[in-house]
Amino acid sequence: MSIDTPPPPPPERADFIREIVAADLREGRHTTIVTRFPPEPNGYLHIGHAKSICLNFGIAREFGGRCHLRFDDTNPEKEEQEYLDAIQADVRWLGFDWGEHLHHASDYFEQLYAWAVHLIRAGKAYVDDLSADEIRTHRGTLTEPGRDSPWRDRPVDESLDLFERMRAGEFPNGARVLRARIDMASPNINLRDPVLYRIVHASHPRTGDAWCIYPTYDFAHGQSDAIEGVTHSLCTLEFEAHRPLYDWLIDNLPVPSRPRQIEFARLNLTYMVLSKRVLLRLVNQGHVRGWDDPRMPTISGLRRRGFPAEGIRAFATMIGVAKSDGVVEIGQLEYAVRSVLNRTAPRRFAVLDPLKVVVENYPEGEVEEVEVPNNPEDPSAGTRRVAFSRELWIERDDFMEAPPPKFFRLAPGREVRLRSAYFVTCTDVVKDASGRVVELRCTYDPSTRGGDAPDGRRPKATLHWLSAAHALPGEVRLYDHLFSRPNPGACGDLLADLNPASETVLQGAFVEPSLAEAAVGQTVQFERLGYFCPDPDSRPSALVFNRTLMLRDTWAKVQAKGRPGAAG
Ligand code: ATP
Ligand code: MG
């Protein structure tokens, strides 16, 4: 290490995987840590993948190693260039960089083929003519051993010849497979002569028509790890039972390194479904508008919704890594995201359901600018100037004609503060023929400019507002959970659990003029309403905002409940 390279910082936190990695370094089993994130390009990444990305790239960063992005592209019928591109964009957006190490299992097809031949020669693999169904029935069950295929003992030369002809395209899909020759009586079903290669006449996004046989996940994964010098191959618990096969292949092939597979619990979240297969169905059947629909648990959906990458990383840190599966409350994700947004999101005024206010004693035609802080949590964010005039918009539900005892906002005869502007008092209520309130008449107190009274009186409520002549119209899309139950599909019918109110579109909203320039991806706080961000559909002439999250913090409340003296 050169003197100007600082040593890697100590790991931010310990978990059982980081402990293993630290010990491997300490005890000299490795000098450089290499991890990989291995998505199959058959869909967009979701928040579960984000956990794996933060773990793999995080460990590499913390221990001064590197993390590869490797596409597990062994299933050409389900894989597309669109997914390859989207996955790279999402990993980058999350804040991680694989440097030169963008790899594909398909880069290794020739090597994998050679290793398959190696196994056949060693009597450790054979071409099987049984159909997929027959292989399944021969496999046995957890309590019964499997039965040998009649082709299990076919001569090595015959298998070599057939395997070569499989590659040459002589046989149709499913006619034959290559299987490892391990143990049909193994208590681990994955060791009962697992399939290593199958015939798939399909064009591959990268290798085109060069191949019509493709390795299975099990045959490709560990060997790709070994080729790349991956030291720690981190995967989710469903692969635990595959580990003996992973190790068997590494032991029986002349691979250049010995990676170690370690399993961790996958992320499950309430109100969400984390499965590309299911998400693809939601997209294809039109239950959402696409993979990046703001209601989707995909990284691109969360981004469009306004979740900052930092919030997703903070969530990954918060939930940690465990060895047994569990379900995380969606409130924890929202809590992590709100914590970041509360600190970083500029405050802006917007009125979602506008009610006109006319300030009768304010001069007609006059406009003044009041100074409003951009973020009370962060004085360095500065202030902005917002136009105030005689006709204003306030939120319809900030007024009640006959307020119940705990309603402190505007009502006839009552004074409230308009944030950073003036105190106003409601003097009259104008209604239309149907009795609906269409306008409030108010007076203001010129001595309260900026929001404080010289005599020290303090209204019980502070409202947000907009000058009617200056406000810009906009569409606002309010989002709620895509599913209405915490465990979608538990009753057997996933679609029945779709939340019919997951999206509400408001057409008549108004926003501050400064929001005309807000960039896609820039999440702001609409004061008192929540976090919002411009949607990619937004145009200067037709602004569109998505509600990222409401301000209310249910998770914090749930936690506070347990504490003595906490407000319930
Ligand atoms: P899905 O079931 O959504 O299709 P997958 O596991 O088939 O997911 P891959 O593309 O194979 O998707 O996953 C890439 C990596 O992400 C794997 O190492 C996998 O273990 C990890 N991963 C997938 N889902 C989760 C999850 N919910 N939590 C944590 N890691 C996950
Ligand atoms: Mg998979």
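In listed order, ligands and their atoms are each counted from 1.
- At under 3.5 Å, a nitrogen or oxygen of H46, whether backbone or side chain, sits near a nitrogen or oxygen of ligand 1.
- Ligand 1 has no nitrogen or oxygen under 3.5 angstrom from a nitrogen or oxygen of R36.
- Ion pairing of D292 with R303 is absent here, as no side-chain N (NZ or NE/NH1/NH2) approaches a carboxylate O to less than 4.0 Å.
- A heavy-atom separation below 4.0 Å is found between F37 and ligand 1.
- Selection from S275, P38, G48 by nearest heavy atom to atom 26 (C) of ligand 1 gives G48.
- Taking 4.5 Å as the limit, every side-chain heavy atom of W211 sits out of range of all side-chain heavy atoms of V200.
- Proximity to R266 (heavy-atom distance under 4.0 Å) selects the following atoms of ligand 1: 2 (O), 24 (N), 26 (C), 27 (N), 28 (N), 29 (C).
- Every atom of ligand 1 is numbered from 1 in the order shown, and the set under 4.0 Å from a heavy atom of E40 is 9 (P), 10 (O).
- Below 3.5 Å of separation, one finds an N or O of H49 facing an N or O of ligand 1.
- A cation-pi arrangement is present between R176 and F171 under the rule of less than 6.0 angstrom and at most 45 degrees off the ring axis.
- We find that E238 and R266 are joined by a salt bridge, their nearest charged nitrogen and carboxylate oxygen being less than 4.0 Å apart.
- Between R167 and E110 there is a salt bridge, with a side-chain nitrogen of the basic residue lying less than 4.0 Å from a carboxylate oxygen of the acidic one.
- Distances between N or O atoms of L267 and those of ligand 1 include at least one value under 3.5 Å.
- Atoms of ligand 1 lying under 4.0 Å from at least one heavy atom of P39, given by number and element, are 10 (O), 14 (C).
- Under a 4.0 Å criterion applied to the non-hydrogen atoms of S52, ligand 1 contributes the atoms 16 (O), 21 (C), 30 (N).
- Every N/O-N/O distance between R277 and ligand 1 stays at or above 3.5 Å.
- Atoms of ligand 1 lying under 4.0 Å from any heavy atom of T236, numbered from 1 in the order shown and given with element: 19 (C), 20 (O), 29 (C), 30 (N), 31 (C).
- A cation-pi arrangement is not found for K276 relative to Y44, the charged atom failing to lie both closer than 6.0 Å to the ring centre and inside a 45° cone about the ring normal.
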ring-ring contact (aromatic ring centres under 6.0 Å, His included) for F163 and Y197? Distances and angles first, verdict last.
CA-CA 9 Å; F163 190 49; Y197 266 90; 5.3 Å; yes
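- In summary, R304 and D537 engage in a salt bridge, as defined by a charged side-chain N under 4.0 Å from a carboxylate O.
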